[in-house]
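What you are looking at is a predicted structure, and each value in this text was computed from that prediction instead of being measured. For the numbers below, each heavy atom of this structure counts, side chains included, while hydrogens, waters and symmetry mates do not.
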Amino acid sequence: MTSTEAITESEDSGPSGYAAARLRLLQQEARSGPPRRAALARLTDDWLTGLFTSAAEHTGVRGAALVAVGGYGRGELSPRSDLDLLLLHDGTADAAALSALADGIWYPVWDLGLALDHSVRTPGEARRTAGEDLKVQLGLLDARPVAGDLGLVASLRTAILADWRNQAPKRLPALHELCQERAERMGELQFLLEPDLKEARGGLRDATALRAVAASWVADAPREGLTEARRVLLDARDALHLTTGRATDRLALQEQDQVAEALGLMDADALLRQVYEAARTVSYATDVTWREVNRVLRARSVRPKLRAMLSGGLGSKAVPERAPLADGVVEADGEVVLARAARPDRDPVLTLRAAAAAAEAGLPLSRHLVRHLATTVRPLPVPWPPEAREELVTLLGAGEPTVGVWEALEAEGIITRLLPDWERVHCRPQRNPVHTWTVDRHLVETAVRASSLTRRVHRPDLLLVAALLHDIGKGWPGDHSVAGEVIARDMATRIGFDKHDVGVIATLVRHHLLLVDTATRRDLDDPATVRSVAEAVSTASTLELLHALTEADALATGPAAWSTWRASLVTDLVKRVAAVLAGEAPEEPEEAAPSAEHERLAIEALRTGEPALTLHTQPEEPAGEGEVEPVGVELLIALPDRPGVLPAAAGVLALHRLTVRAADLRAVELPNEVGESADLLLLSWRVAAQYGSLPQAARLRADLVRALDGSLDIRARLAEREAAYPRRRGVKAPPPRVTVAAAGSRRATVIEVRAQDAPGLLHRIGNALEGCAVRVRSAHVSTLGANAVDAFYVTGTDGEPLPQIRAAEVAREVEKALG
């Protein structure tokens, strides 16, 4: 059924008839995508034509036309799109009549609740406004007549296009600057968990900008895949409009499953991956196009000077310089291109050689070069020859320029041909908000970070390849480290490493989280902790590589994944493990004597019968690249041993907005005034202020006293805080999970808690453990973004590890209390 037939069938070409026909069209599930957008545009054209014709007859206005601009002008009308309309007139009509004509069109649109962007101008006014406002000019480039004087519209289109092409040297840089500013403000669509399909870099705005560049005749965007990418983004926006019933372009988390279902996709991840693929295509086309625009405009600006020089007899026609970079590739005009003598069909290593040379020189690969290599270079033999492996390592070790070169190879499918297992991580989203990148980009970013650490290891090649492969198991069922070990072993063999090196890479991938997990969640003074890491890494050289990989991985994850504090814990663990691997087996440590400061506090607590505490600010340490980060503050507490100390102290710290990074609790006996022994509890905690300055020790002590005697209702105060705790609308946190760590320690049972971070979480855990009648020996707290992973070393009242059945019961009780 055509749009005209839809209106006829409604027996009313007025607003109600259009609304009914529009609703029927949008409800036709079989009709979606470009056909539905085009049909909606035609339906709207027919309705607006009727409005214009009726109003023109009523007012007697001649020499006028109704023009669709922007997305409506392109015929890409989404369910909740604005109607961008220009009422064009030749200036002969009476002002009152013209106003009445406009009202006859605008008011019926408003009456239906449709968003309208409208203007009334003569062709001369339209050109002047376009000359002053770049956005207006971009909209007019897609001007399309809807009704009225077609000749008037045609002449305006001709003039606007001529103006655009004549002003290109001035307008295109302005458009480029506009795109860059928007990208900085909105981020990159291909990496955002809640992307704006229109405004983010790689979105619909950029696709429209590429059309404008093509209309200037200065440069043309790569057309391969661009039409399909725009279709994917527009289809996603259509489904988003229909799902939400709103004119929104932001693909919020709570709507992704419904949008995916509307598009016939498996789940939200499949939706994001499809959107990311499209955004990556647009982003790559954008990079290539603006590079070409800048090259052409630069050449145009140089040409008059060159003609002046030549007219003076200073030389003949200039030939672009071609500087050799590597065998078969040269630099020409700021890009890497093929040398004239190159034979891609006979040189299977040429692709990697060109990529490595480009990255080392900090130059982009010419799009024509990449496309030519993709279609002509023969596949590498398996295993790869040594030269190919060396060129890959050189590419990975080039630092930041590696990213652009890698993306150019990915855009033409070269990476997945070189490394077939890469396809599974390509554009794969990561739902953890700690992660900044998709899986594939994170792997490349990790290699970039690792390139700055290669001087710390004896085998930089193994570090760089392990960095590239460490998360290659994501997207497979089960633990990605376990799956990744198998895949990395196959890929390292394919790349051409020998059996020993393949084993090292596989070990690094299998245990790439071992150091940071152990350092932040386990007791480093426990010999079992150090021995377990030593057994996993086996050799000092593997430990050295794993240390560098751990740092590179964390730095490439995001700002929440690495800090001076975490780095110091990992370094301490590495030193202890290195000593074990060198034959210095750790002995069971004796109970350490209290420090002088703790002794002073203990005596004071014994004398007063109340808590005694002190805060010691630690010196600041460099966090890398000139930044300084505070390590934290040491909080020492001594008080008579009694139930409820852990939850009370944790609750007071939460009320004062102090984050606990590590906690050690132990009981000691001291003689009292009458010579009898008294039990005291000594707490050594590392804390940091969430924001603002540290509280005074006296206030902490006073609140701790009140919490212990029951006059301070911590639970109620924290409940108020939690109710006001900012949470992202529609995001439901996964339930907490509490487990008993297998073989965690021989001195205590390790209870591991994974939960959504929130004020007072440690207080709630402490209450739950207190209710289970266990003693907490130490706590190791780690927070990554919104996720807390806390490990508690607990014993029974006899000071011994819990029996297996009892430990499982405690874990269940804590999980129940947190749920």
Would you give me the side-chain donor-acceptor pairs under 3.5 Å for residues 480-492, sequence neighbours excluded?
| from | atom 1 | to | atom 2 | distance (Å) |
| --- | --- | --- | --- | --- |
| H480 | NE2 | D471 | OD1 | 3.1 |
| H480 | NE2 | H512 | NE2 | 3.3 |

Worksheet item: Rounded to the nearest 0.5 Å, how far apart are CG of L271 and CD of Q256?
Response: 6.0 Å
Discussion item. Closer than 3.5 angstrom, by distance alone: can the side chain of R273 be matched with the main-chain N or O of H426 as a donor-acceptor pair?
Written reply: yes
Worksheet item: Got a salt bridge between E76 and R231, using NZ or NE/NH1/NH2 to carboxylate O under 4.0 Å?
Response: no
Discussion item. Contact between W562 and E551 at the side-chain level, heavy atoms closer than 4.5 Å - yes or no?
Written reply: yes
Practice prompt. Please determine which of R441, R417, R280 meets the salt bridge (charged side-chain N to carboxylate O under 4.0 Å, His left out) test together with E410.
Written response: R280
Fill in: Contact summary for T542 and V537, nearest pair of heavy atoms
CB-O, 3.5 Å
Discussion item. Taking E387 first and then R353, would you say they form a salt bridge - that is, a charged N and a carboxylate O separated by under 4.0 Å?
Written reply: yes
Worksheet item: Are any non-hydrogen side-chain atoms of F497 and D461 less than 4.5 angstrom apart?
Response: yes
Worksheet item: For the atom pair CG (L251) and CG (L193), what is the distance rounded to the nearest 0.5 Å?
Response: 10.5 Å
Practice prompt. Over all heavy atoms of both residues, which pair between A354 and L369 is shortest? Give the atoms and the distance, please.
Written response: CB-CD2, 4.5 Å
Worksheet item: Are any non-hydrogen side-chain atoms of L581 and T539 less than 4.5 angstrom apart?
Response: no
Worksheet item: Which residue, R201, R182, K198, forms the side-chain hydrogen bond (donor to acceptor under 3.5 Å, both in side chains) with D206?
Response: R182
Discussion item. For the CD atom on Q180, are there more than 12 heavy atoms of other groups (residues, nucleotides or ligands in this structure) within a distance under 6.0 Å?
Written reply: yes
Discussion item. Distance check, rounded to the nearest 0.5 Å: E445 atom CD versus T436 atom OG1?
Written reply: 8.5 Å
Worksheet item: Please walk me through it: do R424 and K474 pass side chain to side chain contact (heavy atoms under 4.5 Å, CB included)?
Response: CA-CA 8 Å; R424 204 169 186 97; K474 287 188 173 178; over 6 Å; no
Worksheet item: Hey, mind stepping through V213 and L172 against side chain to side chain contact (heavy atoms under 4.5 Å, CB included) and telling me if it holds?
Response: CA-CA 7 Å; V213 173; L172 288 180; 4.1 Å; yes
Fill in: Gap separating the CG atom of D238 from the CG atom of L263, nearest 0.5 angstrom
8.5 Å
Fill in: Salt bridge D421-R494, side-chain N to carboxylate O under 4.0 Å
no
Which pairs of donor and acceptor atoms, one on a side chain in residues 164-171, lie under 3.5 Å apart (sequence neighbours left out)?
| from | atom 1 | to | atom 2 | distance (Å) |
| --- | --- | --- | --- | --- |
| W164 | NE1 | A212 | O | 2.8 |
| R165 | NE | A215 | O | 2.7 |
| R165 | NH2 | A215 | O | 3.4 |
| N166 | ND2 | A162 | O | 3.0 |
| R171 | NE | Q137 | OE1 | 2.8 |
| R171 | NH2 | A130 | O | 2.6 |
| R171 | NH2 | Q137 | OE1 | 3.0 |

Worksheet item: Less than 4.0 Å between a side-chain N and a carboxylate O, is that true for E544 and R459?
Response: no
Worksheet item: Can a salt bridge be assigned to the pair D269 and R431 using a cut-off of 4.0 Å between side-chain N and carboxylate O?
Response: yes
Item to complete: Can you see which heavy atom on L463 is nearest to which on A450, and at what distance?
Response: CD2-O, 3.9 Å
Discussion item. Has R389 got a side-chain atom pairing as donor or acceptor with G496's backbone, closer than 3.5 angstrom?
Written reply: yes
Worksheet item: Would you call R295 and E335 a salt bridge, using N to O less than 4.0 angstrom?
Response: no
Worksheet item: So how far is it from L546 CG to L508 CG, rounded to the nearest 0.5 Å?
Response: 6.0 Å
Discussion item. Are the side chains of L175 and W290 in contact, using a 4.5 Å heavy-atom criterion?
Written reply: yes
Worksheet entry | Neighbour count >12 (heavy atoms, 6.0 Å) for atom CZ, R346 | no
Discussion item. Looking at every heavy atom in both E292 and A219, which two are closest together, and how far apart are they?
Written reply: CG-CB, 3.6 Å
Discussion item. Could you check whether any side-chain N or O of S451 sits under 3.5 Å from a backbone N or O of V448, counting only pairs where one atom can act as donor and the other as acceptor?
Written reply: yes
Item to complete: Answer yes or no: is there a side-chain heavy-atom contact under 4.5 Å between V349 and W384?
Response: no
Discussion item. Could you tell me if the side chain of I414 sits less than 4.5 Å from the side chain of L418, heavy atoms only?
Written reply: yes
Worksheet item: If we only count heavy atoms from C-beta on, is the Y276 to T281 side-chain gap below 4.5 Å?
Response: no
Worksheet entry | For H442, the option from H470, R428, Q430 that meets side-chain hydrogen bond (donor to acceptor under 3.5 Å, both in side chains) | H470
Practice prompt. Identify whether the distance between the nearest side-chain nitrogen and carboxylate oxygen of R449 and D553 falls below 4.0 Å.
Written response: no
Worksheet item: How far apart are the closest heavy atoms of A355 and L409, and which atoms are they?
Response: CB-CD1, 3.8 Å
Worksheet item: For the atom pair NE2 (H372) and OG1 (T375), what is the distance rounded to the nearest 0.5 Å?
Response: 6.0 Å
Worksheet entry | Any R322 side-chain heavy atom under 4.5 Å of D333 side chain | no
Practice prompt. Mind running side-chain hydrogen bond (donor to acceptor under 3.5 Å, both in side chains) on S283 and T286 for me, showing each step along the way?
Written response: CA-CA 5 Å; S283 292; T286 297; 5.8 Å; no
Response to the item:
Smallest heavy-atom separation, L350 atom then P344 atom, equals CD2-CA, 3.8 Å
Discussion item. Checking L464 against L392 for the side chain to side chain contact (heavy atoms under 4.5 Å, CB included) test, could you report, in this order, the C-alpha distance in whole Å, the side-chain angles of both residues, the deciding distance, and whether it holds?
Written reply: CA-CA 9 Å; L464 292 167; L392 174 65; over 6 Å; no
Worksheet item: After noting the C-alpha distance and the side-chain angles of L514 and T550, does the key distance pass the side chain to side chain contact (heavy atoms under 4.5 Å, CB included) rule?
Response: CA-CA 8 Å; L514 177 64; T550 299; over 6 Å; no
Worksheet item: Is the shortest distance from a Lys or Arg side-chain nitrogen in R237 or D249 to a carboxylate oxygen in the other one below 4.0 Å?
Response: yes
